[in-house]
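Side chains are part of it too, since the values below use all heavy atoms of this structure and drop only hydrogens, waters and symmetry mates. Both counts, for ligands and for their atoms, begin at 1 and track the order of listing.
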Amino acid sequence: MFGRPDSIVNQLDHLRLTIARRWSRGLAATLFPPRCCLCGFPGASLDLDLCAFCHADFPWEEWHVPGVVVAMRYAPPADELIRDLKYRGITPNARVLGVLLAQAVQQRGAPLPRLLVPVPLHDARLRERGFNQAAALARYAGRMLGIPYAPRAMKRLRDTPSQTSMSMEERHRNVRGAFAVNGARARRRLLDVGHVAVVDDVMTTGSTLKELQTLLLESGVARVDLWSVARVVLSER
Ligand SMILES: [Zn+2]
């Protein structure tokens, strides 16, 4: 009736960690109050370095497809925050964007995945950049939603060329077979959780996210959602 004793222990453990995390976040926000990363005004909430005015000015995305969450359009000021994160290593932007992605997920009200899987970078690119922006976003979104992330669950087999100037068909071809599940342990974990979300920073045609979704479904994962902070609206390009 009350479930297995080990699951009660796990739940208590989870509760204890959640309370400790909330408390430490509250303390940090009191000592270092959040400031808007765009204008310097006080932040709108403990979790967000963005003021209510700049928050309202974001290019929020209305586009809605079941199983897919996109928080905003790739337009000012979101595009600059993403570029600064990716190419200039401004990592605090990952927190702002990750929290905004988490808020978009909460607004949809759909069942939450049990694990976040960031789109992997090729090892060579990771060494060059020093961090994976998708993993940083998944980390903060996951922290906000209470979902763990698995930055090494997938690997990129080929360092695919930049897709910026490619057509939709070229993009699909470019990423086909470019990823793999990163070993037997990662596969077991993915199958155990059953419901995951693949996380990326920017989605254009969705070819990268869809390739990972297909691979995970073919590997036996029951449900694979797709989350992206921003979406390039092709008709506006
Ligand atoms: Zn502001």
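Protein atoms of type N/O/S that fall under 2.8 Å from the Zn ion (ligand 1) number 4 in this view.
With values rounded to the nearest 0.5 angstrom, Asp200 atom CG is found 13.5 Å from Trp227 atom CH2.
No hydrogens or angles considered: a donor-acceptor pair under 3.5 Å links the side chains of His195 and Arg223.
No donor-acceptor pair closer than 3.5 Å links the side chain of Arg171 to the backbone N or O of Ser207. Although no hydrogens or angles enter the test, the distance criterion places no donor-acceptor pair under 3.5 Å between the side chain of Glu211 and the main chain of His172.
Remark: Asp49 does not engage Arg35 in a salt bridge, criterion side-chain N to carboxylate O under 4.0 Å.
Contacts of Arg231 classified as side-chain contact (heavy atoms from CB on, under 4.5 Å), with partners at least two apart in sequence or in another chain: Glu61, Trp63, Val70, Met203, Val233.
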